[in-house]
Each structure stands twice: as structure tokens, then as C-alpha cells.
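To start, the structure itself, in C-alpha cells.
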There are 2 protein chains.
Amino acid sequence: MNNTRFATIIHILTLLAKYPDQWLSSEWIAESIKINPVIVRKELSVLHKQGWVMSKKGKDGGSMLSQSSCEISMADIFNAVKNSNVLGKKNTCDDTNCPIGKEINIELEKLFNETDDIVIHALEKKSLKSFVDQFK
Amino acid sequence: MNNTRFATIIHILTLLAKYPDQWLSSEWIAESIKINPVIVRKELSVLHKQGWVMSKKGKDGGSMLSQSSCEISMADIFNAVKNSNVLGKKNTCDDTNCPIGKEINIELEKLFNETDDIVIHALEKKSLKSFVDQFK
DNA sequence: ATTAACTGTAATTAAACTTATTACAGTTAT
DNA sequence: ATAACTGTAATAAGTTTAATTACAGTTAAT
């Protein structure tokens with residue numbers, strides 16, 4: 001996770017939650033985040049697949065939250081963008097002659113998964129709503 | 001943290017712990033991990049700065065643990081290689097006109113730091129020794 | 001004292017990943 | 001008909017990561 005996807009999605013969802021019942025365009029959202037509108041549309045498509053957002057095409061179109069922000073947890077959001085373990089990547093040493101090298105990825109896998117789970121459990125306790133409510 | 005540095009350093013330390021009182025060469029270590037020896041030497045230099053490892057130059061030289069593996073925690077190791085937040089990077093939206101965009105990085109910073117702290121506290125409970133003892 | 005086998009580090013290249021941009025087909029309101 | 005959108009593919013540019021090359025310095029053994 002050495003990218004901005006979590007921050008970007010949180011930003012999008014915060015805007016949608018702060019301006020409910022309004023169709024926000026990807027261009028307008030992109031200006032707030034200072035990123036390219038195409039990136040916003042790509043992330044909106046992820047949010048769409050999660051069932052969190054609905055969109056309206058055509059003129060005066062845009063996106064809107066389709067689920068209450070208290071039903072979306074930070075863990076849900078993290079899982080939607082997570083593309084690696086918190087502790088990083090493993091080397092490909094499984095085919096080495098070394099007895100440690102042969103086995104270490106099995107042990108690292110356990111440690112990496114445990115660590116991911118700790119993060120996810122902590123994030124399950126935080127809702128999008130409580131994040132959004134911090135803004136006046 | 002979308003790199004192999006944590007895995008690499010764990011691997012190095014595990015070998016050093018499994019073969020105590022022996023000078024292991026960077027080339028030998030690199031063969032076990034299946035990475036380039038120069039990368040091993042770079043990480044050894046990090047371990048050296050932490051005071052965990054000592055090295056002997058010249059022929060029959062190599063590296064050796066200089067601290068007991070029960071005194072090194074996974075949190076120490078994580079902190080030594082950590083170069084980003086667990087939840088990733090932030091966008092640079094601070095200078096936007098949008099009131100949310102202006103403030104969001106402050107709130108994200110809090111959330112990102114809290115999440116990092118959770119990982120670190122969990123890893124503080126795990127020692128290098130308990131990891132290494134898993135190997136026969 | 002010469003050689004072989006190391007460390008330590010800088011500089012460069014190559015590969016992988018991330019973000020931005022261009023392009024365009026399709027949709028909808030006016 | 002047109003303007004303002006979505007959705008998505010394709011490509012380019014930028015950034016990060018890992019590998020490689022190179023070499024000066026150290027040490028052990030002959």
C-alpha cells in the first residue's frame with residue numbers, strides 16, 4: 001500500500017457524505033482532491049461495485065452515496081483498496097537450497113496475515129460517519 | 001510499504017540467529033534469500049546502525065548477531081524499514097478551495113498515525129527469537 | 001608482498017508500480 | 001442539436017524498488 005488509493009476513496013466518500021442528495025461530478029470531486037478526474041471515475045467505479053454509490057449519467061449527472069455512512073467501516077474501505085500486506089512483499093526464496101529460505105515464506109505469510117488482521121479489526125471499529133462528522 | 005525490505009531483514013536476522021558465532025558472508029545470505037548481495041549489504045548496514053549486527057571485513061569475513069534475538073522485537077524491525085504509513089500516501093489537496101480538501105489531510109494524518117501505532121503495538125509483543133524458534 | 005575473499009558504498013540501469021493524460025463511445029437535460 | 005456528464009481503454013509520464021556494475025579498502029593465508 002504505497003499509493004494514494006485509500007486517501008482518495010476516503011476523500012470521495014467524505015464529499016459524497018457531506019453533500020448528500022446532490023449529484024457531484026467527477027470533475028468537481030477531482031478539483032477538491034487535486035487529482036485527475038479519470039482517477040476519480042475509476043475509484044467511483046470501485047465504490048459502485050461495493051454498492052456504496054450510485055451514479056447518474058449525462059448532463060447534470062454525477063454520483064451520490066447510496067448507503068448510510070454509518071454502515072460503511074474503514075475496514076470495508078481498506079479491504080476495497082488493499083493490494084498488498086501491511087508488512088510488504090515477500091521474496092521468492094522458496095526454491096533455494098537453504099533450509100531457512102525454503103520455509104521462511106510460510107512463517108512470513110502467517111505473520112503478514114496476522115498483522116493485516118490486526119489492522120482490519122481496528123478499522124472495523126471506525127465508521128465513515130465518525131470520520132466525516134469531524135468536518136464542520 | 002510495498003517493498004520486500006521487512007521480509008529481507010527478517011530473513012537476514014533469522015539466518016544470523018540460526019548460525020550464531022559464525023561469520024556469514026553477504027553472498028551466502030543473498031543465495032538463501034535469492035536476492036542480490038549488494039542489497040544484503042545495504043540492509044546489513046541498517047542492522048549495523050541499529051547495533052544488532054557486527055561485521056568483519058576481509059577474507060573469511062561476514063556478519064554476526066551482536067544482540068540477543070529476544071531483545072529485538074518485530075516492532076523494532078518494522079520501525080527500521082518503515083518508509084510510509086500503513087494506509088498509504090496522502091494526496092496534496094491542502095491548497096484546494098474546497099473546505100473538505102483543505103482539512104482532510106489533518107484528519108487523515110491522525111487516522112494514519114493511529115493505524116501505524118496499532119501495528120507497532122502489536123509487533124512489540126513479538127520477538128525475533130519467537131519467530132526464529134519456529135524453524136528447527 | 002601477493003593473492004583471494006571479503007565489506008562498504010556510490011552510481012547506474014532495469015523493472016515494476018502508480019498517476020496523469022488522451023481519446024472516445026454512450027447517456028441525459030435543455 | 002448541443003452541452004455536460006459517465007465509463008472505460010489505451011498510452012505516457014513519473015516514482016519507487018531492485019539489480020547490477022564498479023571499485024576502494026580490509027584481512028587471512030600462503
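Everything numeric in this text was worked out from a predicted model, so none of it was measured. In what follows, chains are A, B, ... by sequence order, proteins preceding strands, each numbered from 1.
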Practice task
Nearest-nucleotide wise, let me know which of B/S25 and B/K42 is further upstream toward the 5' end of DNA chain C.
Solution key: B/S25

Exercise for the section: Taking B/N85 for its side chain and B/L87 for its backbone only, find out whether a donor-acceptor pair lies under 3.5 Å. Expected result: no

Exercise for the section: Return the residues of residues 47-60 of chain A meeting this criterion: a heavy atom under 4.0 Å from some atom of DNA chain C. Order them by number, or give none. Expected result: A/K57, A/G58, A/K59, A/D60

Problem - Crowding at CD, A/E124 (>12 non-hydrogen neighbours, <6.0 Å) - result: yes

Exercise for the section: Round to the nearest Å and state the distance from B/K90 atom NZ to C/dT19 atom P. Expected result: 14 Å

Practice task
Give A/N91 one of three labels, base, sugar-phosphate or nothing, depending on what nucleic acid heavy atoms sit under 4.0 Å from its own.
Solution key: nothing

Problem - Distance test, side-chain N/O of A/N36 to OP1/OP2 of C/dT22, below 4.0 Å - result: no

Practice task
Have a look at B/I35 and say if it touches a base, only the backbone sugar-phosphate, or nothing, with a 4.0 Å heavy-atom cut-off.
Solution key: sugar-phosphate

Handout entry: Under 3.5 Å: donor-acceptor pair, side chain of B/H121, backbone of B/D117
Key = yes

Exercise for the section: At the 4.0 Å heavy-atom cut-off to chain B, mark where contacts on DNA chain D begin and end, going 5' to 3'. Expected result: D/dT17 to D/dA28

Practice task
Grab the CG-C1' distance between A/N83 and C/dA16 for me, whole Å please.
Solution key: 12 Å

Practice task
Check the distance between C/dA4's P and B/E27's CD and give it to me in whole angstrom.
Solution key: 16 Å

Handout entry: B/N3 side chain to A/G88 backbone, donor-acceptor under 3.5 Å
Key = no

Exercise for the section: Please confirm whether the backbone N or O of A/F112 pairs with a side-chain atom of A/K90, one donor and one acceptor, at under 3.5 Å? Expected result: no

Practice task
Answer yes or no: is there a donor N or O on one side and an acceptor on the other, between the side chain of B/T8 and the main chain of B/T4, under 3.5 Å?
Solution key: yes

Practice task
Grab the CZ-C1' distance between A/R41 and C/dT27 for me, whole Å please.
Solution key: 13 Å

Problem - B/S45 side-chain N/O to B/R41 backbone N/O, donor-acceptor pair under 3.5 Å - result: no

Exercise for the section: Without swapping roles, check the side chain of B/D76 against the backbone of B/S73 for a donor-acceptor pair under 3.5 Å. Expected result: yes

Problem - Sugar-phosphate, base or nothing in reach of B/S63, heavy atoms under 4.0 Å - result: nothing

Practice task
Return yes if some donor-acceptor pair links the side-chain N/O of B/T115 with the main-chain N/O of B/L111 below 3.5 Å, else return no.
Solution key: yes

